[in-house]
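Structure, as structure tokens:
First the proteins, then the strands, lettered A, B, ... as listed; each starts at 1. None of the values given here were measured: they were computed from a predicted structure. Below, each value reflects all heavy atoms present in this structure, side chains not excepted, and no hydrogens, waters or symmetry copies.
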Amino acid sequence: MYRSHTCGELRPGHAGHEVTLAGWVHRRRDHGPLIFIDLRDRYGITQVVFDAALDGAAHAIASEVRSEYVVQIRGTVRLRPAEAHNPEIGTGTIEVSASGASILNAARQPPLYISRDGNEEEALRLRYRYLDLRRGRMQRNIILRHQIVKFIRDFLDHEGFLEIETPILMKSTPEGARDYLVPSRVHPGQFYALPQSPQQLKQLLMVAGFDRYFQIARCFRDEDQRADRQPEFTQLDLEMSFVDQEDILALMERLFVALAAAVVPHKRVVVPFPRLTYAEAMDRYGSDKPDLRYGLAFTDLRATVAGSSFAVLRDAVARGDAVRGMAVPGCAGYSRRQLDELVELARQAGARGLLWAAVPADGGEVRASFARQVPADELAAIVAALGGQPGDLLLIAADAPRVASASLDRLRRELAARLRLADPDHLAFAWVLEFPLLEWDAEEQRWQAVHHPFTAPLDEDRDLLASDPGRARAKAYDLVLNGFEAGGGSIRIHQRDVQQQLFDLLGVSRETAQEQFGHLLEAFEYGAPPHGGIAPGIDRLAMLFADEPTIREVMAFPKTQQAADAMLGAPSPVDERQLRELHIRLRQP
RNA sequence: GGGGAUGUGGUGUAGAGGCCUAACAUGCAACCCUGUCAAGGUUGAGACCGCGGGUUCGAAUCCCGUCAUCCCCGCCA
């Protein structure tokens, strides 16, 4: 054994004990005849004292030691003098008086600071990820992530769920994201696909009668990256039989409330989770994943301005466009330049423009970008409709509904960030329900599944599939957390005729359906139970629980935005021999 | 595919056409120092300014290209 204790566990009760510790040299404070070394492992930090007068040999070794050396130390635990306590660390009331030391391994000067949270370029951190991971921030994040996954496993086990693994080598399907492909050696010219999610397999597990399934599943999508998107990521994949939407929502609510209480007890969760329909979310927040930690909700102004003397507003209503606004507290004093900035933000989101009105805090006259275009009483009516209070800045978008939503959403998030409206210790979970089942793809002139082709329509919208498919809503639900999509799921179609109707709408021929999904369709003919599921994203959850700005901060070895591994140098070219075995000839780009 | 930001000793920054033979902090090295905990003090080493080209008498600085990293739009059933 290299050690008798870890660097985080010694307490005053150990005083007088002979101990052996092993770890990394966190910091070294050399006073000549007296040297202090903070010894670190993942459990904590312990101060070791080398006194030349007590043990010259140990002191001589301590003189050679440098930061991040791996050392083993023998010594006696003793209480620190009261004035030398360090309340910052758990072991701060004791220290180890060294009677022996050995250097297990020397270390070069690290390219990044380990003993403090530095501000290095992320490229450097990723290249030396194993050093970055030594730091307190990363150690805490990785441990938190472990606790999250462990809690989920235990919770679902208690609920009667079975964890079942599904293959990583799967089959490519045309729907959804771009696949990562793996060439087959045995089947020349053919490829496996890495799973975008185990969607079809978990449905087959329901047909198999496993009833309650989950998996901490790695998923792969070859799409461009974002702060909250990586080419491979982890989902809690879950599916249940003999349930409806309410059962799934209730289970998830219990899970996440208990999870947050267990691993981030300082964070506040509001129960029950608020519920919004997709239409409400888009109308009131311009987003299907609104951050509900703050207000800044939008108000529909069409009724107020339908007869406006200002053509921009009147025509927008006549055209069927949206006219929406929000009141931003405390921003009435914005300068012309600041207002222009907001207008520019709206334009970047596709808006034709942005109207604004400022209600002075001192009760003076309302300033407005469109003051000359409307009479005073109409301006007052708009201010009243938006609930404008003294000090408020009112922002109004008149555009196609999508554009109005996008631009006001952009402004809402920007202003909330500037005004620091989002409480970092608030976990604002919410459900977004009643998503449309289909959306029209103008380019390909066909319907596309909003969620996926196996999502069931709402019972009351069943008939719309034949008469007005675009209006049919789905038994689909997204779990939203602090402005991120934390997970999505649906109740699945388990009846062959409904599935066929969907495929017909999606323009999937019987041959294509048979080729792509034949196994699933066939399975449904052998007795498929009603079933549904959900797939919360573990990375995003961990990111939000850890107060981190990106999911890379909660992944041990994330990839760069170009989907590369900066440490391993992946992807990389391979030998011609390997290519030949795989029957692959490269086409130069 | 598009828009934007960044790139200067090990690390983080400063530098805005000549003051740069590149500054500051920290880290690193040597020495001094008996209670520190981001120890302190003295001395010292360390970067041809991402890479390539151009403009100029002169480029870290201006221009073009390129590479890398990050943010956003598209994309992500």
Please measure how far the [atom1] atom in [N] lies from the corresponding atom in [M], and state the result in whole Å.
| N | M | atom1 | value |
| --- | --- | --- | --- |
| C67(B) | G52(B) | P | 15 Å |
| U26(B) | U21(B) | C1' | 24 Å |
| G58(B) | C20(B) | C1' | 13 Å |
| U43(B) | C49(B) | P | 30 Å |
| G40(B) | G35(B) | P | 14 Å |
| G18(B) | G1(B) | P | 40 Å |
| U61(B) | A16(B) | P | 12 Å |

Heavy-atom donor-acceptor pair, E121(A) side-chain to U11(B) base, under 3.5 Å: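 Checked by distance alone, the answer is no.
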
Per-nucleotide protein contact string for nucleotides 24-33 of chain B, where B marks a base within reach and S marks sugar-phosphate only (heavy atoms under 4.0 Å, - for neither): --BBSSS--B

Among [options], find the nucleotide with the atom closest to the side chain of [X].
| X | options | value |
| --- | --- | --- |
| E120(A) | G12(B), C72(B), U36(B) | G12(B) |
| R78(A) | G35(B), C72(B), G10(B) | G35(B) |
| D224(A) | C71(B), U34(B), G1(B) | G1(B) |
| F36(A) | C76(B), G10(B), U36(B) | U36(B) |

In whole Å, I'd like the distance from the CD atom of E553(A) to the P atom of C70(B).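 The distance from CD of E553(A) to P of C70(B) comes to 11 Å, rounded to the nearest Å.
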
Closer than 4.0 Å, any side-chain N/O of R226(A) to the OP1 or OP2 of C73(B)?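 It does, given that an N or O in the side chain of R226(A) lies less than 4.0 Å from OP1 or OP2 of C73(B).
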
Does R29(A) make a side-chain N or O approach to OP1 or OP2 of A39(B) shorter than 4.0 Å?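 It does, given that an N or O in the side chain of R29(A) lies less than 4.0 Å from OP1 or OP2 of A39(B).
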
Selection: residues 475-505 of chain A, any non-hydrogen atom under 4.0 Å of RNA chain B: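 Residues of residues 475-505 of chain A that come under 4.0 Å of RNA chain B do not exist, since none gets that close.
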
Any residue in residues 559-568 of chain A with a heavy atom nearer than 4.0 angstrom to RNA chain B? Just list them by number, or reply none.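 T560(A), Q561(A), Q562(A) - these, ordered by number, are the residues of the stretch whose heavy atoms sit under 4.0 Å from the strand.
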
Measuring centre to centre across the rings, with the benzene-like ring taken for any Trp, is F454(A) within less than 6.0 Å of F517(A)?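 Yes; F517(A) has its ring centre under 6.0 Å from that of F454(A).
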
Under a 3.5 Å limit for both distances, which nucleotide forms a Watson-Crick or G-U wobble pair with A5(B), could you say?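 By the stated definition (distances under 3.5 Å), U69(B) pairs with A5(B).
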
